[in-house]
Amino acid sequence: TINTVTAIGQPSDGQGLPLPGIPPVTATDTETVNAYSPSIELVKSADPVLVYANGTTTYTFEVTNTGDTDLIDIDLTDLDGLCTSISPPSGDTGIIGVLEQGETWNYTCTSLPLAQDTTNNAQVSGEPSTGLSPLGLEDVSDTDSAEVSVIRPGIALEKSVSPVLINAGEDVVYTFLVSNTGDDPLTKIILTDPNCQPGPTPDSGDNGNGILDPGETWSYSCTLLNVT
């Protein structure tokens with residue numbers, strides 16, 4: 001923005017009366033104000049977003065200069081301390097060390113082992129500049145987070161037979177109790193016994209959704225004929 005100011009004065013006598021025939025005097029001056037809109041954007045993601053307990057994930061950080069100035073002294077911080085170490089950036093294709101307008105730098109890190117569901121936060125900041133020369137403006141910053149779910153799947157099988165004492169040639173009934181002991185639903189349940197094949201679906205216990213939900217127990221049975 002260019003701002004121009006003008007000052008006008010009328011020559012006068014000692015009593016403040018205008019001097020006849022003398023026109024006003026004027027002076028002008030201008031000042032230029034450079035208005036900038038620096039900004040920075042951080043997009044953080046995780047892959048995979050679902051891991052077993054004490055598993056790890058890879059975090060990716062995309063840092064983009066979304067403003068109208070260059071940025072220097074880019075500082076990316078893992079606020080929760082879940083990264084082993086953050087890689088140097090890729091994507092710095094212009095002036096080395098300068099996040100130029102529209103440029104994106106990519107960083108990655110491998111997480112520490114995760115024991116529970118985690119929302120990991122990160123922050124990035126940069127100083128507005130022209131090339132490597134600071135403009136003297138305040139730093140700009142942005143934050144983002146990525147969520148990772150930790151699961152502990154588990155399954156238990158309990159087998160029983162009735163009766164447990166028979167005469168040769170009599171039949172017995174085997175009962176199988178399959179329980180979801182973890183915190184994640186289980187599908188495609190397959191129960192096999194080389195001597196007695198239970199049905200493909202449980203006799204009881206399923207709530208109707210065909211999924212062995214956490215804490216749910218399905219009961220199967222089969223009859224073995226003419227046991228010798």
Side-chain angles (χ1 to χ4, degrees), residues 1-49 56-112 114 117-149:
T1 300
I2 299 176
N3 180 251
T4 301
V5 61
T6 301
I8 302 175
Q10 174 65 53
S12 304
D13 60 19
Q15 296 179 345
L17 298 175
L19 296 176
I22 303 298
V25 294
T26 63
T28 60
D29 197 9
T30 60
E31 283 292 340
T32 300
V33 177
N34 295 317
Y36 297 106
S37 298
S39 66
I40 194 170
E41 180 184 53
L42 172 62
V43 176
K44 180 176 184 180
S45 60
D47 184 30
V49 296
T56 62
T57 190
T58 298
Y59 291 114
T60 299
F61 310 83
E62 294 184 357
V63 178
T64 303
N65 183 341
T66 53
D68 58 5
T69 73
D70 296 332
L71 298 172
I72 56 175
D73 295 334
I74 305 302
D75 183 22
L76 177 63
T77 305
D78 171 34
L79 297 178
D80 299 309
L82 292 178
C83 276
T84 51
S85 63
I86 299 178
S87 70
S90 62
D92 188 2
T93 57
I95 303 173
I96 301 302
V98 178
L99 182 60
E100 297 170 276
Q101 299 171 44
E103 192 172 58
T104 297
W105 291 0
N106 294 284
Y107 304 77
T108 61
C109 83
T110 300
S111 73
L112 297 172
L114 302 176
D117 293 350
T118 302
T119 300
N120 184 236
N121 302 279
Q123 176 177 285
V124 69
S125 64
E127 181 179 2
S129 68
T130 298
L132 291 167
S133 302
L135 287 171
L137 301 174
E138 292 185 358
D139 288 1
V140 291
S141 64
D142 192 27
T143 59
D144 199 18
S145 61
E147 297 182 357
V148 176
S149 297

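Keep in mind the model is a prediction, meaning the values are calculated, not measured. Any value given below was found using the heavy atoms of this structure, including those in side chains, with hydrogens, waters and symmetry copies removed.
- In this structure, OG in S125 is found 5.5 Å from CG in D139, a value given to the nearest 0.5 Å.
- Atom CG of L82 sits about 12.5 Å away from atom OG1 of T110, to the nearest 0.5 Å.
- A 4.5 Å side-chain heavy-atom check between V148 and L114 finds at least one atom pair inside the cut-off.
- Shortest non-hydrogen contact noted between G126 and I74 is CA-CD1, 3.9 Å.
- Residues I8 and P24 come closest through the heavy atom pair CG2-CB, 3.9 Å.
- Heavy-atom minimum distance, D78 versus N121: OD1-O, 3.5 Å.
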Next item on the list: Test side chain to side chain contact (heavy atoms under 4.5 Å, CB included) on L99 and I72 and set out the steps.
Entry: CA-CA 6 Å; L99 182 60; I72 56 175; over 6 Å; no

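- Rounded to the nearest 0.5 Å, atoms CG (D142) and CG (L76) are 11.0 Å apart.
- Minimum interatomic distance between D144 and L42 (heavy atoms only, all atoms of both residues): CB-O, 3.3 Å.
- Between the OG1 atom of T57 and the CD atom of E147 there is a distance of 12.5 Å, given to the nearest 0.5 Å.
- Here CG of L71 is found 9.5 Å from CG of L135. Values are rounded to the nearest 0.5 Å.
- Side-chain atoms of F61 and S87, non-hydrogen and from C-beta on, never get closer than 4.5 Å to each other.
- Residue pairs meeting the side-chain hydrogen bond (donor to acceptor under 3.5 Å, both in side chains) criterion with at least one partner in residues 60-77, sequence neighbours excluded, are S39-T66, T64-T104.
- The list of side-chain hydrogen bond (donor to acceptor under 3.5 Å, both in side chains) pairs with a residue in residues 6-22, not counting sequence neighbours, is empty.
- Summarising the geometry of D92 relative to V98, their closest heavy-atom pair is OD1-O, 3.6 Å, with the distance given to 0.1 Å.
- Y59 has its side chain out of reach of S45: every pair of non-hydrogen atoms, C-beta onward, lies at least 4.5 Å apart.
- Here the side chain of T56 pairs no donor or acceptor atom with the backbone of L112 at under 3.5 angstrom.
- E41 CD to S141 OG: the interatomic distance, rounded to the nearest 0.5 Å, is 13.0 Å.
- Between V49 and A46, the shortest heavy-atom contact is CG1-O, 3.2 Å.
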